[in-house]
Asker: 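Can you keep this structure in mind? I'll have questions shortly.
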Amino acid sequence: MRGHTTTPVLPGRALDKLPSNPLSDQVGTSSNRNTITCTTGAAHTWGSYVEIDPSLSADCDGIVINMRSLHSAAATDSSTLLRIGTGPATETTWAIIGVGYNSYSSGAGAACCEYLIIPGRIPSGTRVAVSAQSARATLTVAAVFTFLASDKTIDYVNPPVSIGYDTATSRGITLTAPGSLNTKGAWTVISASTSAAFTALALGFQGAAGTNMNKTGLLVDIGVGPADQEVVIIPDIYLMANANEEITAFSPVSYGVNIPAGSRLVARYARANAGNALDLCVVAS
Amino acid sequence: MTTTGGDKILNAMLGDGVDTATSARIQKSCTASATPHAGDGTLVEVDPSLSADADGILFALTTATFTAATNTSTILEIYTGASTVEVLWARVLVGYRHIVDGVSGVPTFIPGFLAAGTRVTVRARSAVASKVVNGVYQFISANRSVDWKAPDTYGINTSTSQGVTLTPPGSLNVKGAWTEIAASTTKAITSIGVTFQGAGGNGMNASGVSIDIGTGANPSEVAIISDIVTSTNASEYYAPRGPVAYAVNIPAGTRIVARYSRANAANAVDLVLVGA
């Protein structure tokens with residue numbers, strides 16, 4: 001395997017490091033990559049699928065999602081789920097992740113603070129589409145989708161496993177609120193037993209329907225293990241909330257991991273202000 | 001032989017720099033010299049002693065570095081070692097950058113191995129006197145599945161606080177000629193961090209720029225990372241649309257090149273690569 005030594009991977013740690021090169025799919029004509037826009041339906045109802053790519057030019061091992069729309073508003077529950085589908089119309093769900101409560105600078109040269117890498121394999125020739133649902137009716141959800149070339153050194157699956165999303169609320173699993181400020185709360189179970197071995201996780205954090213957030217920090221741990229024996233595998237993912245109900249990340253919220261099938265997957269967090277809460281969706285491969 | 005990488009996603013961060021009193025990671029601030037481009041800014045300690053081996057640094061700006069109508073070319077220099085005997089580890093470009101709500105756009109990732117116990121310091125040099133560079137430094141835990149070494153920096157120009165200025169394309173939205181970034185890599189590279197700025201420009205336009213990284217002898221270059229897309233802005237900043245560090249498979253002795261297209265002739269690119 002290119003670049004890899006024979007040293008065993010540490011428990012809970014990744015085999016992986018960096019994205020592979022992007023495919024040329026969705027390269028635009030203006031030195032850009034195309035922005036794809038979809039619209040949510042009525043509250044907590046999926047909007048129509050919009051085609052991202054009619055036919056992938058090569059096998060893909062993950063999708064980089066860089067949001068180009070704001071899914072947050074002061075004093076508003078902006079919980080929003082993004083759904084990737086594959087195949088012809090009447091698409092099959094490939095992955096679902098939370099994208100509400102995001103931060104975004106609109107206008108020319110607009111930027112989003114973070115990107116997600118949704119890990120998973122999609123074969124060459126596959127049609128890929130996107131739809132969204134939200135607590136807010138007819139919300140515009142726009143993003144640049146970049147497909148990463150598959151090098152087949154990582155055994156990503158098709159489709160990946162989406163964990164924790166709740167279409168009734170457009171949220172993920174609400175994490176147990178910490179009892180004290182700046183102290184990690186109790187672990188919350190994200191998956192009682194993972195359905196497969198995972199080498200990568202994408203994390204979709206939202207504000208647990210909160211409408212009174214505060215500009216302070218949050219630190220999230222991801223762990224594995226049985227109750228009372230949880231072990232942190234991703235420590236202190238640093239998020240910043242603000243009074244406009246936005247959550248921004250200081251790192252890509254996608255990580256390489258080494259989680260055996262049948263693992264209990266958990267999360268917990270600390271916060272500097274009681275107005276901030278979190279829910280979490282996970283896409284794993 | 002493939003030139004694409006076997007890697008996908010960053011590993012978890014170390015706990016270094018976590019401030020449990022505020023549920024945050026600590027920001028560090030360094031100030032460039034009062035003399036433009038001078039390298040005598042004060043070194044600022046980022047970590048007194050790494051808690052474990054690290055495979056790279058993820059740097060998220062917390063204050064914008066762009067200024068409208070201004071050349072904000074800025075180099076962040078990372079050093080390792082004890083006080084007064086620090087050794088340069090890597091240099092990256094951090095000028096012409098936008099932030100949103102106190103967090104940078106796509107964070108800069110600098111690949112390379114750092115041993116547990118290492119002291120890490122930083123300083124800046126810039127076209128702007130006394131330029132302040134604020135940010136959060138997160139160290140990526142090493143898993144030893146990828147044989148990273150100390151990084152090599154390619155393309156830096158300390159006299160201008162820039163990298164190599166890429167050849168301007170002859171037409172809009174058409175890739176320009178390849179520009180050489182490294183004539184011959186000093187060792188094999190399995191990961192590469194791509195950092196870029198506005199080539200000293202002060203009249204940018206809100207449109208797009210698309211960058212390719214390639215390898216190979218002239219005129220047989222081959223793109224190995226295609227269409228790293230960034231939006232640009234009339235206030236002189238870049239906002240990348242995705243990762244700016246990639247897994248690669250580049251043998252020692254390889255010529256590395258880059259080229260770009262742009263939607264507006266006012267936008268230009270200078271570029272530095274860090275390979276490990």
Side-chain angles (χ1 to χ4, degrees), chain A residues 1-5 7 9-10 13-22 24 27 29-33 61-62 64 66 103-105 108-111 113 115 117 119 144 146 149 151 153-154 182 200 216-219 233-236 238 240 242 246 248 250-252 254-256 270-272, chain B residues 2 4-13 15 18 20-25 55 58 60 98 100-107 111 136 138 141 143-147 173 190-191 206-210 224-229 231-234 237 239 241-243 245-247 249 261-263:
Chain A
M1 187 180 299
R2 182 220 58 77
H4 292 165
T5 71
T7 305
V9 179
L10 300 176
R13 295 288 176 78
L15 184 66
D16 315 327
K17 286 292 180 199
L18 295 174
S20 52
N21 59 303
S24 59
V27 170
T29 56
S30 299
S31 299
N32 64 336
R33 286 182 181 267
D61 260 349
V64 179
N66 180 243
S103 178
Y104 176 73
S105 171
C113 285
Y115 60 86
I117 298 177
V144 171
T146 302
D151 49 47
T153 59
I154 306 295
N182 302 311
T216 51
L218 304 104
L219 291 169
I233 61 169
I234 307 173
D236 297 310
Y238 180 22
M240 177 65 76
N242 73 24
E246 299 175 357
T248 53
F250 285 76
S251 61
S254 306
Y255 299 91
R271 59 187 177 183
Chain B
T2 178
T4 58
D7 312 325
K8 291 294 178 202
I9 297 178
L10 287 178
N11 204 349
M13 299 78 65
V18 169
T20 56
T22 61
S23 297
R25 286 181 177 264
D55 262 351
L58 191 66
H98 176 63
V100 181
D101 294 329
V103 186
S104 66
V106 170
V136 171
Q138 299 179 78
S141 59
N143 57 22
R144 300 187 183 79
S145 65
V146 178
D147 188 21
N173 300 311
T190 60
S191 60
S207 55
V209 163
S210 182
I224 62 169
I225 307 169
S226 301
D227 297 303
I228 302 170
V229 167
S231 62
T232 59
N233 185 280
Y237 67 75
R241 292 271 171 242
Y246 295 90
N249 184 18
S261 65
R262 57 188 177 183

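Per chain, numbering begins at 1; letters A, B, ... match sequence-line order.
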Asker: Is the shortest heavy-atom distance from the side chain of A:Asp236 to the side chain of B:Arg25 under 4.5 Å?
Answerer: yes
Asker: Between A:Thr29 and chain B, with a heavy-atom cut-off of 4.5 Å, which part of the residue counts as in contact: side chain, backbone, both or neither?
Answerer: backbone
Asker: Tell me, do B:Pro111 and B:Thr190 make a side-chain contact under 4.5 Å, heavy atoms counted?
Answerer: no
Asker: Side chain, backbone, both or neither: which part of A:Ile234 has a non-hydrogen atom closer than 4.5 Å to chain B?
Answerer: both
Asker: Pick out which of A:Asn32, A:Thr146, A:Asn66 makes a side-chain hydrogen bond (donor to acceptor under 3.5 Å, both in side chains) with B:Arg241.
Answerer: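 Of A:Asn32, A:Thr146, A:Asn66, side-chain hydrogen bond (donor to acceptor under 3.5 Å, both in side chains) with B:Arg241 is met by A:Asn66 alone.
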Asker: Under a 4.5 Å heavy-atom cut-off, does chain A meet the side chain of B:Val209, its backbone, both or neither?
Answerer: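 Only the backbone of B:Val209 comes within 4.5 Å of chain A.
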Asker: With no hydrogens and no angle check, is any side-chain donor or acceptor of B:Gln138 less than 3.5 Å from a backbone partner on A:Tyr238?
Answerer: no
Asker: For the interface with chain A, which of B:Thr22, B:Leu58, B:Thr20 has the highest count of heavy-atom pairs at distances below 4.5 Å?
Answerer: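 The candidate making the most pairs under 4.5 Å is B:Thr22.
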